[in-house]
Structures are given as structure tokens and as C-alpha cells.
2 protein chains.
Amino acid sequence: MGLRPRPIQVSKAYEQVSAQLESQILEGRLLPGEQLPGEVELAALFGVNRSTVREGIRRLESEGLVRRASPRKLVVSTPKARELASRNTRALRMLEVTFDQLWRVAVEIEPLAAELAARNATDADVAKLRANQARMAKATEARDDRAVVRLDLEYHSIISEATKNPALALAQEPIGILLYSGLEALLPHLPQAPARQLEAHGRVIDAVAMGDPDVARDWTLRHAVDFRRGYIMAGLPMDAPIAPLVPAAGAKAAREITTPPRDA
Amino acid sequence: MGLRPRPIQVSKAYEQVSAQLESQILEGRLLPGEQLPGEVELAALFGVNRSTVREGIRRLESEGLVRRASPRKLVVSTPKARELASRNTRALRMLEVTFDQLWRVAVEIEPLAAELAARNATDADVAKLRANQARMAKATEARDDRAVVRLDLEYHSIISEATKNPALALAQEPIGILLYSGLEALLPHLPQAPARQLEAHGRVIDAVAMGDPDVARDWTLRHAVDFRRGYIMAGLPMDAPIAPLVPAAGAKAAREITTPPRDA
DNA sequence: GCCCTGAATAGTGTCCGACAAACCGACACT
DNA sequence: AGTGTCGGTTTGTCGGACACTATTCAGGGC
């Protein structure tokens with residue numbers, strides 16, 4: 001029959017608290033930086049118990065809409081890029097995204113990021129890139145794979161920031177992080193990869209420093225294509241989740257919560 | 001002196017609760033769908049009070065790592081794309097992203113989305129697109145601007161879903177939502193816009209239906225360029241925040257919390 | 001007069017105990 | 001089988017309590 005029942009939803013008090021505060025923020029009645037009343041006062045204002053207010057606050061905190069400026073100052077805040085990126089990264093991991101899926105997006109968006117970085121980077125950004133490059137050179141020489149991966153992620157993050165484009169950063173960071181984490185699996189198979197990477201980064205950095213969007217874009221594209229080729233050559237699977245939820249087989253089947261509590 | 005004190009962080013109990021549960025989930029010891037113990041049991045396991053557990057759970061809920069399958073069943077869950085998108089959209093709004101910033105990303109990523117949709121769309125996706133197109137035609141004829149905007153957003157969302165690429169969807173949706181919300185400001189100035197949009201959508205949909213990635217990409221690119229041109233012609237500002245936090249001037253200066261509480 | 005220090009204050013983090021409402025499963029009834 | 005009833009269980013919310021610490025402020029030292 002044509003009956004299409006919308007699931008009825010009881011709204012808990014703590015949801016209403018966070019929803020109301022959220023809408024006040026979104027409507028600009030509470031501006032970033034502004035301090036909120038204490039928990040007791042909020043509880044009084046909303047006419048609910050302090051515990052309830054606290055539960056509501058937890059949600060807003062976790063969404064980055066409010067944060068503690070100091071242990072006793074709760075202020076409205078704009079979500080921080082870093083935290084957004086890490087949440088999105090986590091989500092993509094859980095969605096079991098594949099190398100191929102990530103790469104297809106990265107191959108379009110990373111060159112764009114490089115281009116915009118070349119247009120908008122500040123001297124400070126360039127300095128950060130050069131510093132990263134120097135450390136990368138050392139890590140490459142020392143064959144320190146862990147460091148190479150870490151510095152590569154940092155490199156992408158600096159580029160991202162240098163674009164001065166939050167929309168791009170938001171789109172790119174999670175993808176970059178996840179994709180180039182796959183580098184770790186790659187390096188043992190391709191000893192020459194870090195050297196190639198070092199050169200590509202160097203070219204992009206120079207282009208960014210000189211404000212040449214085309215070169216920055218071009219070398220980033222090459223780098224991305226090269227990365228994919230390496231991945232294939234190493235015989236790694238393109239269609240398997242990059243970071244499987246169930247860490248292959250053999251892992252200890254301890255599935256319950258084993259946690260020793262606080263004072264461990 | 002070279003002393004660089006990292007800010008020491010006291011970890012509150014509720015943070016530890018959510019952090020531990022989160023890591024259990026990320027490590028795959030708790031799999032999506034799996035049910036968590038009740039609050040009292042969790043409290044006992046962690047050795048903390050139930051209130052504390054509840055605060056921890058609120059954070060996980062808000063991050064989409066757990067959800068209530070029914071009012072009494074708390075299950076592990078993978079973050080839902082829709083919720084991620086809306087959170088990211090909100091973040092971009094608060095970061096006061098401009099039309100130009102959004103557009104530069106959209107002009108690269110939307111064509112990619114169309115291409116991937118053409119490669120991967122199912123019959124069901126195509127059917128949804130056609131249904132959307134039909135309603136869009138009606139709304140255009142009726143000059144119902146609100147409906148046009150709503151259906152345009154829906155169109156982009158369907159395309160996004162049709163790519164079968166969560167990484168792309170995550171990157172694209174917030175940008176699309178915010179950018180094409182700007183359509184609302186545009187329409188009054190450009191009466192012919194919906195008709196042009198209708199054609200572009202139609203071409204893309206046909207290409208998706210026929211599995212022609214190049215045509216899909218091409219028409220989406222045109223559509224994006226056209227959109228920007230319209231925005232310029234309408235004299236709208238490219239470098240102003242798309243959705244300002246402070247809604248221009250003149251808005252009521254009621255900045256405190258006015259909220260009548262629960263039983264309003 | 002200004003800065004430092006210590007007491008007073010206020011606010012958060014955590015716990016305890018309690019209770020109504022609802023949900024869920026089991027059981028009885030038709 | 002389907003429906004009604006019932007009771008145990010769990011959540012949502014409340015009130016109160018207490019330790020700890022940021023913050024404030026007043027008073028004393030320079």
C-alpha cells in the first residue's frame with residue numbers, strides 16, 4: 001500500500017540543547033570567539049539539568065563548533081581544518097575506499113592544489129616547503145621509510161595550506177593523507193621511489209616559489225602518475241581497500257573490550 | 001632557551017572513554033553493526049560513572065562512529081556520507097569560503113564526477129536522474145526558483161552517488177552544495193539560467209545513460225563555466241563569503257540566548 | 001604606584017543515587 | 001498465527017554532592 005511512514009523521532013533534551021546552540025551559531029547570533037555561559041547558567045537558561053547540558057556540549061565540541069579556550073572558557077569556534085581532515089580520513093578508511101578510487105580524485109585535485117599554491121603561497125609557505133624538502137633529502141639518504149612517508153604527508157599538507165583555499169584543502173587533505181599512507185606499503189618494493197619523489201617535490205617547490213602555476217601543476221601531475229605506476233609495478237592491489245578495517249587474518253581474535261580503565 | 005614545552009593535556013575521563021572505543025573500532029576489534037554493551041556495563045568495564053560513559057558516547061555519536069539502531073541498541077557504524085557532507089558544508093560556511101574558491105575546485109571536480117558517473121552509474125541512478133530532470137523541467141516552467149535550486153542540489157547529489165566513489169563524493173558534495181546554493185541569489189537576475197541549466201543537465205544525463213564519459217565531462221565543464229559567467233553577469237561578488245556568518249547588517253541585534261526551553 | 005602572592009570564588013569534572021518512560025522479550029489468550 | 005498483557009531492563013533526565021583548579025581579587029612587599 002502507498003503508506004509511507006516517516007520514522008517518528010523523539011527528540012532528546014540533550015539533542016535540543018546542542019541543536020539550539022548550533023543554530024544560534026550558524027545564524028551568527030553567537031560569533032566565533034564569543035564565550036558561552038557556564039554550564040549551570042546554560043542549564044538554567046534551557047531549563048534542563050546540568051548533565052543534560054554537558055551531553056549537548058560534548059556533541060558541539062566534537063563537531064568543532066565550540067572549544068575550550070582555557071579549561072574554564074567555552075568559546076564558539078570555527079571547525080579547524082586539521083580536525084576536519086582527520087575525521088574525513090577516518091570516514092574514508094571506514095568506507096573501505098580503494099587505491100583506485102582515491103587516485104582518480106587525487107590525480108585531478110593535487111595538480112589543482114599545486115597550481116593554486118603557486119598562485120597564493122606566502123614566503124612562509126615556501127620556507128616550510130624548503131624545510132620539508134631538506135628533511136626529506138636526509139630521510140631519503142638514510143633510507144628511513146617511516147620518515148619519508150611522514151614527510152610526504154607533511155609536504156602535501158603544506159601545499160594544501162599554501163593554496164589559501166579552505167574548500168580545496170577540505171577536499172584534498174583526506175584523500176592525500178590516505179593515498180600517500182599507501183606509500184608505506186610501496187617503498188619496500190621500490191627503492192628508487194624516494195629519489196624520484198624528491199625530484200618531483202623539488203620541481204614543484206621551485207615552481208611554487210617562482211609563482212609558476214603551470215609548472216607546479218605539470219610536475220604534480222607527473223608525480224601522481226608516477227606514483228600510480230609504482231603502485232602497479234609493486235604488484236599492490238588497486239581495488240582493495242587502502243586501509244582494511246579487519247587487518248587481514250591472523251590478528252588476535254580479541255574482540256571484546258579489554259581496556260584497563262583510567263589508572264593504567 | 002631551546003625548551004619547547006608541548007602543552008600538557010589532562011585527559012578527561014569521558015575523552016578516554018570515547019578515545020578507547022574509537023580505537024577499538026578503528027582497529028577492527030569492533031566491527032560495524034556490532035552492538036555495544038549497555039551504559040551500565042560500559043561504565044563498569046571502564047571503571048567510571050555512567051554519566052561519564054554517556055558523555056563519551058555523545059562524542060562518538062556525533063562523529064558517526066556509533067549510532068542507535070533502535071532506542072536501546074547502540075551499534076558501531078560507519079559514518080554516513082550525508083552527515084559528513086552536511087558537517088563539511090557547515091565548516092566551509094563558517095570558514096567564509098568565497099564563490100571563487102569554491103568554483104575553482106568545482107570546475108575540476110564536477111567534470112570528474114560526471115565522468116565517473118558515466119562509467120559507473122547503475123540503471124537506478126539513471127532513473128533517479130531522469131526523474132530529477134522531469135521535475136526540474138516543471139519547476140523551470142513554473143518559474144519556481146526555490147524548487148529549481150533544490151532540484152539542482154539533488155541533481156549534483158545523485159551524480160555524486162552514481163560515481164560509486166566515496167572519496168569523490170566526500171570531496172565534491174560540500175562544495176557542490178555550497179556553490180549551487182548561491183544559485184538562489186543568481187536566479188532573480190538571470191531568468192534564462194534555468195533553461196540553460198536544464199539543457200546542460202539533460203546532455204549530461206544522456207551521456208551518463210549511454211556510458212559516455214567524455215561527453216558527460218565536457219557538458220559538465222561547460223555548465224560550470226556557464227554558471228560562473230552568470231554569476232559575474234549578475235554582478236554578484238566573487239570574493240565575498242558565499243554564506244556570511246553575520247547576515248549583513250540590520251539583522252536584529254539579539255545576540256544572547258533567547259531560547260524558550262523544552263516545552264515550547 | 002606596580003607587581004607578587006595567597007585566600008576566596010566560581011566552574012568544571014566526576015560521582016552517586018533515583019525515577020519515569022520506553023523498549024524488549026516472554027508469556028498467555030483467542 | 002496473531003494479538004494483548006506483563007515485567008524486567010535500559011535509557012533519559014534529574015537533583016545533589018565533592019574534589020580540584022582557574023580565575024579573581026585583596027593585601028602586602030618593592
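A, B, ... follow the sequence lines: proteins, then strands. Residue 1 opens every chain. This one's a predicted model, so the numbers in the text were calculated from it and none came from an experiment. Below, all heavy atoms of this structure are taken into account, side chains as well, without hydrogens, waters or symmetry copies.
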Participant: Between atom CG of B:L74 and atom CG of B:L60, what is the distance when rounded to the nearest 0.5 Å?
Facilitator: 8.5 Å
Participant: Grab the CD-C1' distance between B:E41 and D:dG8 for me, whole Å please.
Facilitator: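 Between C1' of D:dG8 and CD of B:E41: 16 Å.
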Participant: Determine, step by step, whether A:R59 and A:Y14 satisfy the side chain to side chain contact (heavy atoms under 4.5 Å, CB included) criterion, reporting the C-alpha distance in whole Å, the side-chain angles of both residues, the deciding distance to 0.1 Å, and the verdict.
Facilitator: CA-CA 9 Å; A:R59 317 179 99 213; A:Y14 64 83; 4.2 Å; yes
Participant: May I have the distance from B:K12 (atom NZ) to D:dC20 (atom C1'), rounded to whole angstrom?
Facilitator: 11 Å
Participant: Cut-off 3.5 Å, no hydrogens considered: what does the side-chain donor-acceptor table look like for residues 163-175 of chain A, sequence neighbours left out?
Facilitator:
{"unit_1": "A:T163", "atom_1": "OG1", "unit_2": "A:S160", "atom_2": "O", "d": "2.6"}
{"unit_1": "A:T163", "atom_1": "OG1", "unit_2": "A:N165", "atom_2": "N", "d": "3.2"}
{"unit_1": "A:K164", "atom_1": "NZ", "unit_2": "A:D125", "atom_2": "OD2", "d": "2.9"}
{"unit_1": "A:N165", "atom_1": "OD1", "unit_2": "A:A167", "atom_2": "N", "d": "3.0"}
{"unit_1": "A:N165", "atom_1": "OD1", "unit_2": "A:L168", "atom_2": "N", "d": "3.1"}
{"unit_1": "A:N165", "atom_1": "ND2", "unit_2": "B:Q101", "atom_2": "O", "d": "3.1"}
{"unit_1": "A:Q172", "atom_1": "OE1", "unit_2": "A:S160", "atom_2": "OG", "d": "2.7"}
{"unit_1": "A:Q172", "atom_1": "NE2", "unit_2": "A:E110", "atom_2": "OE1", "d": "3.0"}

Participant: Name the closest nucleotide to the B:E39 side chain, picking from D:dG12, D:dT23, C:dG13.
Facilitator: D:dG12
Participant: One thing to verify: whether B:R58 and B:E61 come together as a salt bridge, which I'm taking to mean a side-chain N less than 4.0 angstrom from a carboxylate O.
Facilitator: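 Salt bridge flag = yes for B:R58 with B:E61.
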Participant: What do you reckon, is CZ of B:R68 surrounded by more than 12 foreign heavy atoms closer than 6.0 Å?
Facilitator: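 For B:R68, atom CZ is crowded (more than 12 foreign heavy atoms under 6.0 Å).
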Participant: Taking DNA chain D as the partner, which of residues 50-59 of chain A come within under 4.0 angstrom of it by heavy atom?
Facilitator: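 Within residues 50-59 of chain A, the residues near DNA chain D are A:R50, A:T52.
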Participant: Just to confirm, is there a sub-4.0 Å distance from OP1 or OP2 of D:dG15 to any side-chain nitrogen or oxygen of A:N49?
Facilitator: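 Yes, A:N49 has a side-chain N/O under 4.0 Å of OP1/OP2 on D:dG15.
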Participant: Checking B:I57 against B:L42 for the side chain to side chain contact (heavy atoms under 4.5 Å, CB included) test, could you report, in this order, the C-alpha distance in whole Å, the side-chain angles of both residues, the deciding distance, and whether it holds?
Facilitator: CA-CA 10 Å; B:I57 291 179; B:L42 281 176; 4.2 Å; yes
Participant: Name the closest nucleotide to the A:V48 side chain, picking from C:dG25, D:dC14, C:dG13.
Facilitator: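 Looking only at heavy atoms from C-beta outward on A:V48, the closest nucleotide is D:dC14.
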Participant: Got a list of protein N/O to nucleotides 5-7 of chain D N/O distances below 3.5 Å?
Facilitator:
none

Participant: Does B:K12 come within less than 4.0 Å of B:E55, counting only side-chain N to carboxylate O?
Facilitator: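 Not counted as a salt bridge, because no side-chain N and carboxylate O are separated by less than 4.0 Å.
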Participant: For A:F46 and D:dC14, what is the distance between atoms CZ and P respectively, to the nearest whole Å?
Facilitator: 13 Å
Participant: Could you tell me how far apart B:R68 (CZ) and C:dA22 (P) are, to the nearest whole angstrom?
Facilitator: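 It is 16 Å, rounded to the nearest whole Å.
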Participant: Compare the minimum distances between each of C:dC24, D:dG12, C:dT14 and the side chain of B:P71, then state the nucleotide with the smallest one.
Facilitator: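 Nearest to the side-chain atoms of B:P71, counting from C-beta on, is C:dC24.
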Participant: Any chance the side chains of B:T98 and B:D100 put a donor and an acceptor closer than 3.5 Å?
Facilitator: no
Participant: Rounded off to whole Å, could you give me the CD-to-P distance for the A:Q35 and D:dA22 pair?
Facilitator: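 That distance rounds to 16 Å.
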Participant: Tell me which nucleotide among D:dA22, D:dG12, C:dT14 gets nearest to the side chain of A:R72.
Facilitator: D:dA22
Participant: Between D:dT21 atom P and A:K73 atom NZ, what is the distance in whole Å?
Facilitator: 18 Å
Participant: In whole Å, what is the span from the CG atom of B:L42 to the P atom of D:dG12?
Facilitator: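 B:L42 atom CG is separated from D:dG12 atom P by 13 Å.
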Participant: Output yes when B:R90 and A:E63 qualify as a salt bridge under the 4.0 Å nitrogen-oxygen rule, no when they do not.
Facilitator: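 Salt bridge present between B:R90 and A:E63.
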